[in-house]
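One structure is given below, encoded as structure tokens.
A note on names: the letters A, B, ... follow the listed sequences, proteins ahead of strands, and every chain is numbered from 1.
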Amino acid sequence: MNVFNHFRDIIKVEIETISAAAGADGAPRISVEPPRDPSHGDLSTNAAMVLSRAAGLKPRDLAEKLAAALGAQPDIQTVDVAGPGFVNITLDPAFWRSRLDDILQNGEAYGTSTMGGGRKINIEYVSANPTGPMHVGHARGAVLGDALAGLLTKAGFDVTREYYINDAGAQIDTLARSLHLRYREALGETIGEIPEGLYPGDYLVPPAAKLVERDGDKWRNLDEAEWLPALRDFAIDEMMALIWDDLAALGIHHALFSSEREIAASGAIDEVVAGLEKDDLVYVGVLEPPKGKTMDDWESRPQTLFRSTKFGDDVDRPLKKSDGSWTYFASDIAYHRDKIRRGFDVMIDVWGADHKGYIKRMQAAVTAVSGGKATLDVRICNLVHLFDGGAPVKMSKRAGTFVTLRDVVDKVGRDVVRFIMLTRGNEAALEFDMAKVVEQSRDNPVFYVQYAHARACSVLRNAAAMFPDLKLDDSSLSDADYGRLSDPGELALIKLLAGWPRVVETAAEAHEPHRIAYYLSEIAAQFHGQWAKGNIDENLRYIIADDMGLTHARAALVRATAIVVASGLRTMGVKPVEEMR
RNA sequence: GCGCCCGUAGCUCAGCUGGAUAGAGCAGCGGACUUCUAAUCCGCAGGUCGCAGGUUCGAAUCCUGCCGGGCGCACCA
């Protein structure tokens, strides 16, 4: 149960009783939130201030009426009117304690929401070019997309995880030529320095050997035109296998891989552009060179343009290259229309920071192609600055200090990578210190949260050892006498745990999975803090040797903490640990 | 020149889509262990939310204009 939504519904009913006009008017603007200052109660609503005009009352007067009505509701202990017309509600502690039932009975499914109503939503993420292994920067987009997918699933959406393979264009030819060189090397030739313009990485050496094994020297002395298509296919398959491995190391598995080449081959691009032409959204025109930027090779010439300015873009965008072939943008339009046709009217793309300038045109295209019915949200991932023990890791392909995603995952573990990548908002740059993230200390958020879960499991193990007769399965725990959980710290922890459904919904709505990481840190802090109180006052320990009933009640709280932390971690794609030694 | 993002404590960052006295970690200072794992916790100190206007009951949050930083800016993907 989302406690806040629950009482929001009750408040709406009461408002309608007080004033039908107000009830009909601004219901959507009513917010019910936890007040920042806990001394203001458990819930705070702005309803009286937002609806005073429609009700024909002064905010404070409406607030007083609302407060009187709410005071008679079950589960509500006190209601106060404060400031300009806030209505602050304090709930009965028994109501909060009963949230433990909700948690224990649902297990890790606690927090699952019906907000999404099973609506289809498509998340396209990673989409790294198949020209080599993934590097650290890719990891952030991969984790963000995957965690967002997990979050939206938890929030009740029908999520499809999708990867767009950019397997067309000149880069793939470059890949194929680079492979051919390595292939000749594998056949015994001395190739020397890799020429400028080809990919120098030695990750093409194993595929080259594999190609020799499969085809012998059959491609060796042919003209490029004869071997290029075959080597292209071979190279793409090899590179995608590499990327799949890297993703699997992060625990990421897309449901669908869409190929740019297949889109192009299907004629979808011609089709979608023809459709845009029909709507008068395509024309031939001349673009102005950008001002304030030196463009030596600028050549003013007529181009086939998409009227993206009609949908808020800054300039119209080219659909054709100078050689007459389609631009990447054109095939991306066709691709997104394909997604729309597959029934997705809500789409999310996760891109790197260098693609920021591409957002408007893509959103314009989605609006145009769908007739305004589909929406595209683009989540941009800022840079990851890699450190090792406080020293920046300089990455250079030439110097051979290039750090791949795989290197980092192998070094610190996939759960650490996943969690740390979500400890910042996606638009903020992120520092990733490979030494620090495996430290067992307070300033390592992964450890701090994992330790809370492990500590909770440890308490339950100890409780079982001390009281062999105590039933500690979830259903027995939900029969415990919660009334004995009366310490303010315990109640505060319960309230935090009860906030999980709301965190899921607000984070899902904002498309911001990093909020889960912060929320889990809060729980961990409250839990560790409560633990420490037991070192000062033995009566506050979770396990009380001569009081099995109290231990049972506290075990229920501890178990509920473990459940919520585990649920949060799993939503982020991180595996909770039961022990840390 | 234009567009987007960012600017919050000494440092790294949250701030729940406009709520009340702006929060946390680190660093600093002072405390707490014959432990249910101190791998932790408690306290103190630290702020003109870049600057200036505006919108309103109310602004770190929205609008405008500056200042500073980042990214991008036909045909690559």
Side-chain angles (χ1 to χ4, degrees), chain A residues 31 33-37 40 44 46 49 52 58-60 82-86 88 127 129 131 166 168-172 260 286-293 295 297-301 303 305 313-318 320-323 325 327-329 331-332 352-360 380 382-383 423-425 427-431 439-445 447-448 451 454-455 458-463 465-466 499 502-503 505-507 509-510 512 514-515 517-519 521-522 525 528-536 538 541-545 551 554 558 579-581:
Chain A
S31 71
E33 295 177 341
R36 213 185 313 216
D37 184 344
H40 289 139
S44 177
N46 63 354
M49 291 178 289
S52 61
K58 288 180 181 164
R60 294 255 344 176
F86 287 104
N88 292 331
S127 299
N129 292 337
T131 55
N166 299 138
Q171 51 168 354
I172 298 299
E260 183 186 357
V286 179
L287 288 178
E288 295 286 316
K291 287 171 183 150
K293 193 190 177 226
M295 304 281 295
D297 54 349
W298 181 271
E299 181 195 344
S300 212
R301 57 178 170 77
Q303 290 177 293
L305 301 170
D313 199 3
D314 311 309
V315 288
D316 293 331
R317 305 293 179 176
K320 278 186 179 176
K321 302 181 201 171
S322 51
D323 67 0
S325 61
T327 59
Y328 179 79
F329 179 47
S331 62
D332 220 0
D354 53 339
H355 283 60
K356 241 183 229 171
Y358 199 77
I359 299 175
K360 279 190 186 172
I380 289 294
N382 212 319
L383 301 175
T423 52
R424 292 283 175 269
E427 302 248 349
L430 178 111
E431 279 185 26
E439 255 175 35
Q440 300 200 333
S441 72
R442 175 68 175 98
D443 60 329
N444 177 3
F447 165 74
Y448 191 67
Y451 183 35
R455 180 173 256 175
S458 167
V459 170
L460 294 170
R461 284 192 298 267
N462 289 332
M466 182 168 288
R502 179 171 189 268
V503 170
E505 293 183 355
T506 53
E509 198 158 0
E512 289 184 349
H514 75 274
R515 291 189 193 179
Y518 280 90
Y519 168 69
S521 297
E522 271 183 67
H528 289 312
Q530 193 62 20
W531 167 280
K533 279 161 88 175
N535 285 334
I536 298 158
E538 288 200 359
R541 295 193 176 193
Y542 293 117
I543 298 173
I544 306 292
T551 302
R554 289 192 174 153
V558 171
E579 201 172 4
M580 295 187 115
R581 285 283 174 185

**Message:** Is there a side-chain contact between H528(A) and the phosphate of C36(B), meaning an N or O under 4.0 Å from OP1 or OP2?
**Reply:** no

**Item:** Length of the OH-P vector between Y448(A) and U40(B), whole Å
**Value:** 8 Å

**Item:** Sugar-phosphate, base or nothing in reach of S458(A), heavy atoms under 4.0 Å
**Value:** base

**Request:** Could you give the distance separating C71(B) and C41(B) at their P atoms, to the nearest angstrom?
**Result:** 37 Å

**Prompt:** F86(A) on top of A20(B)'s base, within under 5.5 Å and under 30°?
**Reply:** yes

**Request:** Starting from C1' on G31(B), measure out to CD1 on I536(A) and report it in whole angstrom.
**Result:** 10 Å

**Asked** RNA chain B: P318(A) or N166(A), which has the more 5' nearest nucleotide?
**Response** P318(A)

**Request:** Would you check if there is a donor-acceptor pair between the side chains of N166(A) and Y328(A) at a distance under 3.5 Å?
**Result:** yes

**Whole-Å distance separating the NZ atom of K356(A) from the P atom of C5(B)** = 8 Å

**Prompt:** Does any donor-acceptor pair link the side chain of R502(A) with the base of C16(B) at a separation under 3.5 Å?
**Reply:** yes

**Message:** Please determine whether any donor N or O and acceptor N or O are separated by less than 3.5 Å between the side chain of S521(A) and the base of A24(B).
**Reply:** no

**Request:** Can you establish whether the number of heavy atoms outside E439(A) located under 6.0 Å from its atom CD is more than 12?
**Result:** yes

**Request:** Give none if C66(B) has no partner; otherwise give the nucleotide forming a Watson-Crick or G-U wobble pair with it, both distances under 3.5 Å.
**Result:** G50(B)

**Message:** Ring centres within less than 5.5 Å and planes less than 30° apart: is that true of W531(A) and C36(B) in this structure?
**Reply:** yes

**Fill in**
Side-chain atoms of L287(A) come closest, of U40(B), A74(B), C16(B), to A74(B)

**Message:** Nearest whole Å is fine: how far is C5(B) P from N382(A) CG?
**Reply:** 13 Å

**Prompt:** Is any side-chain heavy atom of E299(A) closer than 4.5 Å to a side-chain heavy atom of S322(A)?
**Reply:** no

**Request:** Please state whether the base of A77(B) and the side chain of D332(A) form at least one donor-acceptor pair under 3.5 Å?
**Result:** no

**Request:** By nearest nucleotide on RNA chain B, pick out whichever of Y358(A) and P35(A) is the more 5' one.
**Result:** P35(A)

**Prompt:** Would H40(A) count as stacked on A20(B) if the rule is ring centres under 5.5 Å and plane angle under 30°?
**Reply:** yes

**Prompt:** With side chains defined as the heavy atoms from C-beta onward, is the minimum distance between M466(A) and T551(A) less than 4.5 Å?
**Reply:** no

**Request:** Could you check whether Y542(A) gets within reach of a base, just the sugar-phosphate, or nothing at all, counting any heavy atom under 4.0 Å?
**Result:** base

**Item:** Whole angstrom value for the distance that separates P of G3(B) from CD1 of I359(A)
**Value:** 15 Å

**Asked** Using a cut-off of 4.0 Å on non-hydrogen atoms, how would the nucleic acid contact of M580(A) be classed: base, sugar-phosphate, or nothing?
**Response** base

**Message:** Would you say Q171(A) and T131(A) are linked by a side-chain donor-acceptor pair, where the criterion is simply a distance under 3.5 Å?
**Reply:** no

**Message:** Taking only side-chain N and O atoms of K321(A), does any of them lie within less than 4.0 angstrom of OP1 or OP2 on A77(B)?
**Reply:** yes

